[in-house]
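We number each residue from 1, following the sequence as shown.
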Amino acid sequence: KGAPVAQRTLSTSLPVAKRKLPGNLALRDNLLAYLFLAPAILAIMLVLFYPILNLLVTSFYSRPTLSRPSTFIGFANYLEVLNDPIFLLAVKNTVIWTLGVTIGQVILGMYFALILHRRFPGRWLARMLVIIPWVLPGIVVAVTWRFMYSQDFGLINLVLRSIGLERFAQSWLGNQQTAMIACIIVGIWKGFGFYALMFLAGLQTIPIELYESARIDGAGERQQFRYITLPLLRPVAITSTVLGLIWTSNYFEAIFVLTGGGPARSTETLPMFIRNTAFSFYRTEEAMAGSNILLVIVLLLLVFYLLVVNRGNALQRRREAEL
């Protein structure tokens, strides 16, 4: 009787070997899986990769005319774009726009996340209201703020006049000194809800025992925020910020509706430069070259994002291994 029991115990303690399919059956299963994935892969290639490839190839050719067909000219379009002083201005405006909007969204998102993390009556309603600007279409937001910035009938100037500050009322979108700031405010208002939502989710994963222990040791709210909240929110903050940089650098609707790149191109970012080059000056090939330059910038940000995520995952696995 002991032998069967020992045999059963040994058989249950040994790992169960994975069932291996015969070669023909495994090949057939793989072909069947690829067959089901083929429509999705084909759709992705047609919708995503083909336009990018066509854009890349066309940027190396000259613009065809009635008397001369399109010819291969190498990097001439790229050199033309890089030597354009408006391109350098667009790069400068893009950096100002992207950094201003992203930094403002991070700060405002963190502030509202800390407030919404507390318990108070109507917290569920406040959480819902915070994310409304983020889920609204960009065109709707831009048109609404354009009416608010109106010099004669805008809400901002009406409020300033009603409280006796009429000297501050002005054409916010028509002044070179205030146009970019006005656009950045719209961008911050549009996207801070995303950061508030991400930071709020990160705050809810922090164990409350850490704050209780810190309070027992005499730490105040500022010390708790500096030594507990910020370090534990760092992965969420880095991921959200890099994604925000990518999205904001490509954000087109707000500036197009608010200023169209003006006045005097003081708000013309790279997406606006590409649009104006293609549809206002009809230099399509140069616009394609500018699009590829912007694509390279976004890809560099994406590579940085992947490196940050991989490093964060490696650190997380190292900490779990140490524990």
Side-chain angles (χ1 to χ4, degrees), residues 51-52 54-65 68 70-105 138 142 145-146 149 151 170-188 190-191 242 244-304:
I52 294 177
N54 186 39
L55 185 70
L56 180 63
V57 172
T58 308
S59 65
F60 292 103
Y61 285 80
S62 63
R63 184 176 58 180
T65 61
R68 178 174 52 86
S70 178
T71 58
F72 180 79
I73 57 175
F75 290 94
N77 290 324
Y78 292 88
L79 295 176
E80 191 72 22
V81 171
L82 293 175
N83 292 327
D84 190 345
I86 304 301
F87 174 79
L88 299 178
L89 177 63
V91 172
K92 175 186 174 182
N93 292 335
T94 302
V95 173
I96 296 174
W97 157 261
T98 304
L99 293 180
V101 171
T102 304
I103 293 173
Q105 288 176 348
W145 277 90
R146 183 175 181 179
Y149 280 132
Q151 182 177 4
Q170 58 180 296
S171 177
W172 299 97
L173 299 177
N175 190 339
Q176 296 185 34
Q177 278 68 40
T178 59
M180 179 59 78
I181 299 175
C183 293
I184 289 176
I185 292 174
V186 176
I188 293 173
K190 173 69 173 69
V242 176
L245 288 172
I246 296 174
W247 296 336
T248 306
S249 62
N250 284 284
Y251 190 41
F252 173 78
E253 300 96 314
I255 294 180
F256 176 74
V257 174
L258 291 172
T259 63
R265 295 188 167 181
S266 59
T267 61
E268 185 170 335
T269 58
L270 279 177
M272 280 300 308
F273 170 80
I274 295 169
R275 184 262 174 195
N276 292 335
T277 302
F279 300 106
S280 297
F281 304 106
Y282 302 102
R283 304 200 313 255
T284 310
E285 284 69 21
E286 294 180 17
M288 292 180 179
S291 299
N292 291 330
I293 294 174
L294 179 60
L295 177 62
V296 171
I297 296 175
V298 173
L299 288 177
L300 291 176
L301 292 174
L302 181 60
V303 169
F304 176 71

Atom pair CG (Leu56) and CE (Met288), whose distance is rounded to the nearest 0.5 Å: 11.0 Å
How long is the span from the CD1 atom in Ile274 to the CZ atom in Phe252, to the nearest 0.5 Å? 9.5 Å
So does Gly187 get a backbone contact from the side chain of Gln105, meaning a donor-acceptor N/O pair under 3.5 Å? yes
Looking only at heavy atoms, which two atoms of Thr259 and Cys183 are closest? And how far apart? CG2-SG, 3.8 Å
Are Arg283 and Phe281 in a cation-pi setup, meaning NZ or CZ lies under 6.0 angstrom from the ring centre and within 45 degrees of the ring axis? yes
First locate atom CG of Asn276, then atom CD of Glu268, and finally report the distance between them rounded to the nearest 0.5 Å. 4.5 Å
Look at the rings of Tyr61 and Phe72 and say which category their plane angle falls in: under 30° parallel, 30 to 60° tilted, over 60° perpendicular. perpendicular
Taking all non-hydrogen atoms of both residues into account, name the closest pair between Gln151 and Ser171 and its distance. OE1-CB, 3.4 Å
Assess whether side-chain contact (heavy atoms from CB on, under 4.5 Å) is satisfied between Thr94 and Ile297, documenting all intermediate values. CA-CA 11 Å; Thr94 302; Ile297 296 175; over 6 Å; no
Mark yes or no for whether Thr267, through its side chain, and Gly261, through its backbone, hold a donor-acceptor pair below 3.5 Å. yes
Show the nearest heavy-atom pair for residues Ser59 and Asn77, with the distance to one decimal. O-ND2, 2.8 Å
Looking at Asp84 and Glu80, would you say the former's side chain and the latter's main chain have a donor-acceptor pair under 3.5 Å? no
So do Ile293 and Leu82 actually touch side chain to side chain, heavy atoms under 4.5 Å? yes
Test item: Arg63 side-chain N/O and Thr284 main-chain N/O as donor-acceptor pair under 3.5 Å: no
Please state whether the rings of Tyr149 and Trp145 are parallel, tilted or perpendicular, taking 30° and 60° as the class boundaries. tilted
For a 4.5 angstrom cut-off between non-hydrogen side-chain atoms, does Leu270 reach Ser249? no
Taking the side chain as C-beta and beyond, is there a heavy-atom pair between Phe273 and Asn93 under 4.5 Å? no
I'd like to check Leu89 versus Arg265 (side-chain heavy atoms, cut-off strictly below 4.5 Å). Are they in contact? yes
Walk me through it: do Thr71 and Ser62 pass the test side chain to side chain donor-acceptor pair (under 3.5 Å)? CA-CA 5 Å; Thr71 58; Ser62 63; 3.2 Å; yes
Is there side-chain contact between Tyr78 and Asn292, with heavy atoms separated by less than 4.5 Å? yes
Closest heavy-atom pair and its distance - Thr102, Thr98: OG1-O, 2.7 Å
Search all heavy atoms of Ala287 against all heavy atoms of Ala278 and return the closest pair with its distance. CB-CB, 3.5 Å
To the nearest 0.5 Å, atom CG of Leu55 lies from atom CD of Glu285 at 10.5 Å
Between the CG atom in Asn250 and the CG atom in Leu245, the distance rounded to the nearest 0.5 Å is 11.0 Å
Point-to-point distance, once rounded to the nearest 0.5 Å, from CD of Glu253 to NZ of Lys190: 8.0 Å
Measure across Ala179 and Pro263 and return the closest heavy-atom pair with its distance rounded to 0.1 Å. CB-CD, 3.6 Å
